[in-house]
Novice: 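Take this structure first; my questions come after.
Note that the structure is predicted; figures quoted are calculated from it, not measured. Residue numbering restarts at 1 for every chain, and letters A, B, ... go by the order of the sequence lines.
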Protein chains: 2
Amino acid sequence: MSTETIPNWLEKRVALTPERPAIHTQESSITFEELRTQAMSMAGKLTSLGVKKGSHVAIYANNSLDFVRFVHAISYIGAVGVFLNTRLTKREISFQLKDADCDVVIYDQDISSIIEDLGEELAIRSHSFAEISKQNESPYEPQLEVAMDEVYTILYTSGTTGNPKGVMLTYGNHWWSAVSSALNLGLSEEDHWLATLPLFHVGGLSLLFKNVIYGMPITLLTSFDEQEIHNAIMEKGVTIVSVVSVMLKRLLAQLHVDEAYPSSFRCMLLGGGPAPKPLLEEAASKQVPVIQTYGMTETSSQIVTLSAQDALWKIGSAGKPLFPAQLTILNNHQKTGAQTIGEIVVKGPMVTSGYYKRPEANEETIQDGWLFTGDLGYVDEEGFLYVVDRRKDMIISGGENIYPAEIEEVLLGVDSIKEVGVIGQDDDRWGEVPVAFVVLHEGVSLSTEEIYSHCVRALAKYKIPKMIYFEDYLPRNASNKLLRRELGNWLKKRGNAE
Amino acid sequence: MSTETIPNWLEKRVALTPERPAIHTQESSITFEELRTQAMSMAGKLTSLGVKKGSHVAIYANNSLDFVRFVHAISYIGAVGVFLNTRLTKREISFQLKDADCDVVIYDQDISSIIEDLGEELAIRSHSFAEISKQNESPYEPQLEVAMDEVYTILYTSGTTGNPKGVMLTYGNHWWSAVSSALNLGLSEEDHWLATLPLFHVGGLSLLFKNVIYGMPITLLTSFDEQEIHNAIMEKGVTIVSVVSVMLKRLLAQLHVDEAYPSSFRCMLLGGGPAPKPLLEEAASKQVPVIQTYGMTETSSQIVTLSAQDALWKIGSAGKPLFPAQLTILNNHQKTGAQTIGEIVVKGPMVTSGYYKRPEANEETIQDGWLFTGDLGYVDEEGFLYVVDRRKDMIISGGENIYPAEIEEVLLGVDSIKEVGVIGQDDDRWGEVPVAFVVLHEGVSLSTEEIYSHCVRALAKYKIPKMIYFEDYLPRNASNKLLRRELGNWLKKRGNAE
């Protein structure tokens, strides 16, 4: 059988409902037909800059209409998009640009410094949106069908060890993700999704595909502003909002005791890590429907989600695997029974075919179509998933994933530092923040400020430890492995002592 | 890339919503969990009768719970279902059983005569539902995943020439059909579909897949009874009904002037051939939402459908191709412009991979994934399809497709008949009925009754010509081809003369 192809999504959407509003921003609204015209125009301009079918094109930008146009422009050209987290440092961006074999990087001129520096260093062409808009359009053959097994996007994700890895997601992965979500949440002509998450993360990006596949308008916010989100829910007919816990917390604070969301508001889709139960109970008490979900870049966003009907009696659960997906909990390669914690292993057509140029990681992570997530959880007797801990040691801060190993590596690059251990500390605003325990070489001294100035060059701001604790030794087991759990106890003792 | 697999649909549905009502009949209601238990039990019994993965198992039954159990039982075993039209004659059934290489035929003991005769004649094992229910269950390995490119069902369809052909539909075809329909109609927890069409046709069968994929209850009627359908809409919370034009007409007659369907009623999905405009206008004037659709066995049911928002301002159109589908109108292999009639050619993942054991027909009908339907139509400037005529010469009577060639062949088997031409005549109750123009050999005589007694043995009742017109000659062109259009004129003249 030949590869499944279906119509280009934006093209098809315009054929079905050209006049329907597609994207609202703070400044303007455009229809699907207008979006198509603009995306095709950008495709022509990118073509004149040498982008062609199969090119790897990185984008470095925050949420904007240009970002949306870009996502569809590359689908018309048949290029692969590499989505860069704008919070990363030059060092981190540089790695991803090289690792993904990018031919060109497109960036927002308002946040250009890193890219302008890097372009020259790496000999990768770079063009700002402003520059592209002035370009002439070159003719190209628009890709009016998309092949389900063709790679559409690469998004980087860090692991417990080693360098970040580029997750390849195909048109098919994103398609199944959108369809699976609709089979769970339902689909109504009144739907209107608020996009508050960064489009360079899969949770935000996936809304752009739902947008065209469902024919559902989205409101795009350029940054998280709880007041603005609150207003959009109360007054603008928004029916669904994707949030992470820290955002939910801030939104609930906006909702006064005698206030309620309009009845047309369907739900907060809550992802990005385990949610504290008191927060979920506060939402329930305020009649705010919260649907918890579990997913990651490798699963094109959600793969396990609560349904509306289960949301209230299964508070704290991430739900059941979406219709085309499967879930199993493994312990020493054995399936565990209900209520027994093990590694969360998932399968489904929304799961990545693999990491870009990482055969070993692929072999280790994906076996017979099953993705070993490294996250810990259990299912109850009715098959509902409870996520106990995200990938071993991962810290989730304001929805961003942070791997201690990455920070430790950077700190160990400081001459005076002999040993280091990083863990997450509870934080009211961000959920968690990283903190570091440091042992210096004998006889040397080092100030917190000196450590910070080193970190600022190497780590995205949200990854920089919020506290440095100087110690004489670190807790290790017999085979000298760092005992992070014990570091957690140290942290608690300090907290109690304060 | 390996073949896409997803969980067995009923199995997955039970994992998600075990307690939800699945099927309502006049007598009872069962949940998805009960349906699963019953289907798995039937699978065990079929296994004990020798059915195994890959077996071709025919079913000869009218709508019933046993039918539904059967459809899921074969999915657990991995057998292929061959769905027989119970209106057909022994001759027609015999052909399909042999052509589809059936290993066994399952039938309803209440309509058993044909199958009991045939079983012996064809040396094909046959078992009634009653017999199966008394069987012991044998262990088998339930197929807990289904492969998208594996054939699930074979349904026969006639063509303009030659024998009926078995349309192979895969799990993937039926999956995409269900998902595509949801992307067009939306999906709500309140949905409840009334199944009035025979399950042995694709329009009825497809509801069984929507049932488990959406988690949507269906009410199954064993036969078309306008009073009962009317009551189900008015009182039982039914939100969608699939109908063909003659059924719609009879339903509208049930709706009194001062009556209206409840506001929860979403639509009549109208398929099975072009609908007369006055009928659609009557529906509109009675506030009955009608969504016209176009499809056929080869497209797993709908492939082109109106959307709710277009239903009223595009009365008479069959709509636009569903999201994953494409449509083009060809005239002499050239794409026509708007408003120009040509052959309707469609493409999409719900389109059959081919007819069973018919390489020539496949080569002719499916080219580069495009299905040449043989139907005539045009699109307007906005891309809406208008079906002008179903496959050349096809007669649609009460939703059943009738091919004149098949009737002509049977009549030519009568010794005294020299020439014959069959066309459709307008009929108040059935939309159309077949009528035959007959030329006898010189010097012989033959009564209408003698012709009927021949037909009864060879043709399903709905295919038997309702009138026989004896003529001295038939209208033919220079190359001796029968001019059916001219026969139509003869019919009109007779009508006017009466």
Novice: Starting from the C-alpha separation in whole Å, work towards a yes-or-no answer on side chain to side chain contact (heavy atoms under 4.5 Å, CB included) for B/K347 and A/T5.
Specialist: CA-CA 10 Å; B/K347 180 177 178 180; A/T5 60; 3.8 Å; yes

Novice: Examine whether an atom of A/I213 lies under 4.5 Å from a heavy atom of chain B, and if so say whether it belongs to the side chain, the backbone or both; otherwise answer neither.
Specialist: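 Backbone plus side chain of A/I213, per the 4.5 Å heavy-atom cut-off to chain B.
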
Novice: Nearest 0.5 Å, please: how far is CD in A/Q309 from CZ in B/R20?
Specialist: 4.5 Å

Novice: How close do A/K320 and B/A15 get, counting heavy atoms only, and between which atoms?
Specialist: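 Where A/K320 meets B/A15 most closely, the heavy atoms are NZ-O, 2.5 Å.
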
Novice: Given heavy-atom pairs under 4.5 angstrom as the criterion, report whether the side chain, backbone, both or neither of B/W176 touches chain A.
Specialist: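 When you check distances to chain A, only side chain atoms of B/W176 fall under 4.5 Å.
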
Novice: Looking at A/I6, A/L185, A/D310, which one has more heavy-atom pairs under 4.5 Å with chain B than the rest?
Specialist: A/I6

Novice: Let's test your reading of the structure: which of B/G172, B/G319, B/P321 forms the most heavy-atom pairs below 4.5 Å with chain A?
Specialist: B/P321

Novice: Determine whether more than 12 heavy atoms belonging to other residues, nucleotides or ligands lie under 6.0 Å from atom CD of B/Q367.
Specialist: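 Enclosed: over 12 neighbouring heavy atoms sit under 6.0 Å from CD of B/Q367.
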
Novice: Just jot down the side chain to side chain contact (heavy atoms under 4.5 Å, CB included) partners of A/E381, sequence neighbours excluded, or say none.
Specialist: A/A338, A/Q339

Novice: Measuring heavy-atom distances to chain B, does A/V212 have an atom under 4.5 Å in its side chain, in its backbone, in both, or in neither?
Specialist: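 For A/V212, the backbone is the part near chain B, not the side chain.
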
Novice: Roughly how far, to the nearest 0.5 Å, is CD of B/Q326 from CD of A/E145?
Specialist: 4.5 Å

Novice: Given a strict heavy-atom distance threshold of 4.5 Å, which part of B/L322 is in contact with chain A: side chain, backbone, both, or neither?
Specialist: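 Interface part for B/L322: backbone (N, CA, C, O).
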
Novice: Check whether any side-chain N or O of B/K12 sits under 3.5 Å from a backbone N or O of A/P324 as a donor-acceptor pair, and report yes or no.
Specialist: no

Novice: How long is the gap from CG on A/L16 to CG on B/N184, to the nearest 0.5 Å?
Specialist: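 So the gap between those two atoms works out to 8.0 Å.
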
Novice: Could you tell me which portion of B/A325 (side chain, backbone, both or neither) has an atom closer than 4.5 angstrom to a non-hydrogen atom of chain A?
Specialist: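 The answer is the backbone of B/A325.
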
Novice: More than 12 heavy atoms of other residues, nucleotides or ligands under 6.0 Å from NZ of B/K335: is that the case?
Specialist: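 Count not over threshold, so no.
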
Novice: Please report the C-alpha distance between A/W175 and B/F323 in whole Å, then the side-chain angles of each, then the deciding distance to 0.1 Å, and finally whether the side chain to side chain contact (heavy atoms under 4.5 Å, CB included) criterion is met.
Specialist: CA-CA 11 Å; A/W175 169 269; B/F323 199 96; 3.6 Å; yes

